[in-house]
Amino acid sequence: MRLGMGLVGPGFIAAHHLDAVRRLGDVEVVGIAGSSFESAKKRARELNAGQAYASYRELLADPAVHVVHNTTPNHLHREVSLASLRAGKHVISDKPLAATMQEARELYEAARDANLAHVVTFNYRGYPLVQQARAMIAKGEIGKSVFVHGCYLQDWLTDERAYTWRLDPKLGGASSALGDIGSHWCDLAEHVTGARIVAVLADLHTVVPVREAPDASAKAFAGAAATAGKPRRITSEDLASVLLRFGNGARGCVTVGQVLPGHKNDLRLEVNGREGSVAWRQEQPNELWIGHHAKANTTLTRDPALLDPSARSYAHLPAGHPEAWADAFRNVISDAYAWVRQGAAPEAKPVALPTFADGYRNSLLVDAMLKSHAAGGVWQSIDDPFEPTRTTRKRG
Ligand SMILES: NC(=O)c1ccc[n+]([C@@H]2O[C@H](COP(=O)([O-])OP(=O)(O)OC[C@H]3O[C@@H](n4cnc5c(N)ncnc54)[C@H](O)[C@@H]3O)[C@@H](O)[C@H]2O)c1
């Protein structure tokens, strides 16, 4: 059966959802809904994205749409995803799952009870060498993990004239940098290690407390606005350092910032075990550093022939042909549609696919970081409201 997809929120990331879906080859782009009928028509033309709907409710009423991609700003995630589930549509939501932890729980519970696929695009899971690192750790190749550390650093908000809806707590949520990109790092750290973060101690900071904001929110990564607008006071963090404790006893730390000149999409994750280490950098995604104590370190370059079977199906080109962000994104979308085609049965979920359960869990982490900082920088524990995904299918 040919599946139909509809997209709500046709901005920056939407184009990449559409690209990923088109590359699957067996999904029809039915149409899109935007903030107005006019904007939907304009974007449908620009993105060659089927028909324009007057509102997301009109899109949900179309029986040709089986899967809804929710790429709206964070404050609309709850409303659009919940309405989609109630309309019987599978949902692929971009991250964070919702603007607050309470909303994320509501969405997780609705999805759990709906017998529909529910996916959050923590797309960094889709890299082959991320899956390789996960497989190596799961097989004990680096021994017991003791230290998990890294960063997610960007610079697109460095200029005080740069502004985005992410900085407005009413639109982006109480957290800015942590919710926006720290969420990706935490998901990746937990996914790769297979361990849960159980406590955090966070120090948050707003490096740029006043921005000359234009009336319209800048597109992500668009840099400074050409014309400065009125001064806006910024209350959410653009820089954060967080100490971490994992359920398996490992310690960790992560730094996150969006005002750090020179860093574009600098996500790094390193896991040190008792018998070895692995490190991966998003900006050099075709290399996995493998560290040793008593023999030479090595670098594994992405080569399907050398990858663990569980990681191999995430690599599509022979060795030496670089694969990158869009390919990893497509892998996650491919897993999502594979799950839809399996009737979204829990036991059919591809093991690497992030769900609303992961999105809810992730929101608990960001919430705990905000609480830790607000309390003056104290350890804040995170209760796990559910078992780790129990019913999973191996892929590849
Ligand atoms: N996975 C990733 O790596 C990644 C990267 C960027 C953004 N994101 C996430 O994607 C989401 C969108 O981010 P973006 O950078 O594309 O933002 P954006 O501002 O570029 O796009 C948001 C779109 O939603 C539309 N919109 C606003 N109100 C609407 C409504 N009522 N109905 C329908 N559409 C409406 C806007 O007009 C705009 O087209 C955010 O949640 C963000 O966190 C994820």
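Both ligands and their constituent atoms are indexed starting at 1 by order of listing. Residue indices begin at 1 and follow the sequence shown.
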Chemist: Backbone or side chain, does any N or O of Gly11 fall under 3.5 Å from an N or O of ligand 1?
Modeler: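 It does: an N or O of Gly11 is found under 3.5 Å from an N or O of ligand 1.
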
Chemist: Is any side-chain heavy atom of Phe122 less than 4.5 Å from a side-chain heavy atom of Leu188?
Modeler: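 Sidechains of Leu188 and Phe122: no contact.
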
Chemist: Can you find a non-hydrogen atom of Ser39 under 4.0 Å from ligand 1?
Modeler: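 Checking ligand 1 against Ser39, which is what was asked, there is no heavy-atom contact under 4.0 Å.
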
Chemist: Counting only nitrogen or oxygen atoms and a 3.5 angstrom limit, does Asn74 reach ligand 1?
Modeler: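 Looking only at distances, the answer is yes, because the N/O contact criterion of under 3.5 Å is met.
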
Chemist: If we count only N and O atoms by modelled type, under 3.5 Å, do the side chains of Asp94 and His17 hold a donor and an acceptor together?
Modeler: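 Asp94 vs His17: donor-acceptor pair found between side chains.
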
Chemist: Sequence neighbours left out, what passes salt bridge (Lys or Arg N to Asp or Glu O under 4.0 Å) with Glu283? Give chain and number order.
Modeler: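 Glu283: salt bridge (Lys or Arg N to Asp or Glu O under 4.0 Å) contacts with Arg281.
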
Chemist: Check whether the side chains of Gln154 and Asn265 place a donor and an acceptor atom closer than 3.5 Å, and report yes or no.
Modeler: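 A pair is found: one side chain offers a donor N or O, the other an acceptor, under 3.5 Å apart.
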
Chemist: Assess the side chains of Gln132 and Tyr314: does a donor N or O sit below 3.5 Å from an acceptor N or O?
Modeler: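 Tyr314 and Gln132 do not have a side-chain donor-acceptor pair below 3.5 Å.
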
Chemist: Taking heavy atoms and a distance under 4.0 Å, where does Asp180 meet ligand 1: side chain, backbone, both or neither?
Modeler: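 Answer for Asp180: side chain.
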
Chemist: Once you restrict to heavy atoms under 4.0 Å, what part of Ile13 touches ligand 1? Side chain, backbone, both or neither.
Modeler: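 It is both backbone and side chain that touch ligand 1.
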
Chemist: Polar-atom distance check: Val8 versus ligand 1, any N or O pair below 3.5 Å?
Modeler: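 Such a contact does not occur with ligand 1.
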
Chemist: Can you sort out which atoms of ligand 1 are near Leu76, meaning under 4.0 Å from one of its heavy atoms?
Modeler: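 Listed by number with element, the hits are 28 (N), 29 (C), 30 (C), 31 (N).
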
Chemist: Heavy-atom pairs closer than 4.0 Å: do any link ligand 1 to the side chain of Lys95, the backbone, both, or neither?
Modeler: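 Within the 4.0 Å criterion, Lys95 contacts ligand 1 through backbone and side-chain atoms alike.
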
Chemist: Can you sort out which atoms of ligand 1 are near Thr121, meaning under 4.0 Å from one of its heavy atoms?
Modeler: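 Matching atoms, with element in brackets: 1 (N).
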
Chemist: Look at atom 19 (O) of ligand 1 and find which of Phe12, Tyr56, Trp165 reaches it with the closest heavy atom.
Modeler: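 It is Trp165 that holds the nearest heavy atom.
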
Chemist: Parallel, tilted or perpendicular, judged at 30° and 60°: which one describes the rings of Tyr152 and His184?
Modeler: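 Tyr152 and His184: tilted rings.
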
Chemist: Which atom pairs, donor and acceptor, lie under 3.5 Å between side-chain atoms of residues 138-149 and protein residues at least two apart or in another chain?
Modeler:
| unit_1 | atom_1 | unit_2 | atom_2 | d |
| --- | --- | --- | --- | --- |
| Lys139 | NZ | Asp308 | OD1 | 2.3 |
| Lys144 | NZ | Asn248 | O | 2.8 |
| His149 | NE2 | Asn272 | OD1 | 2.8 |

Chemist: In the structure I gave you, are the side-chain heavy atoms of Val120 and Asp358 within less than 4.5 Å of one another anywhere?
Modeler: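 When only atoms from C-beta onward are counted, Asp358 and Val120 do not touch, as no gap falls below 4.5 Å.
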
Chemist: Please identify which atoms of ligand 1 are closer than 4.0 Å to at least one heavy atom of Asp94.
Modeler: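 What qualifies from ligand 1 is 1 (N), 2 (C), 4 (C), 8 (N), 9 (C), 10 (O), 44 (C).
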
Chemist: Cation-pi check, Arg341 to Tyr337: give yes when NZ or CZ is under 6.0 Å from the six-membered ring centre and within 45° of the ring axis, no otherwise.
Modeler: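 Not satisfied by the 6.0 Å and 45° rule.
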
Chemist: Does ligand 1 have any atom that is closer than 4.0 Å to a heavy atom of His184?
Modeler: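 Contact present.
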
Chemist: Measure from atom 7 (C) of ligand 1 to every heavy atom in Arg166, His16, Arg57 and give the option owning the shortest one.
Modeler: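 It is Arg166 that holds the nearest heavy atom.
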
Chemist: Atoms of ligand 1 less than 4.0 Å from Gly34 heavy atoms?
Modeler: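 With Gly34 as reference, the close atoms of ligand 1 come out as 30 (C), 32 (N), 33 (C), 34 (N), 35 (C).
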
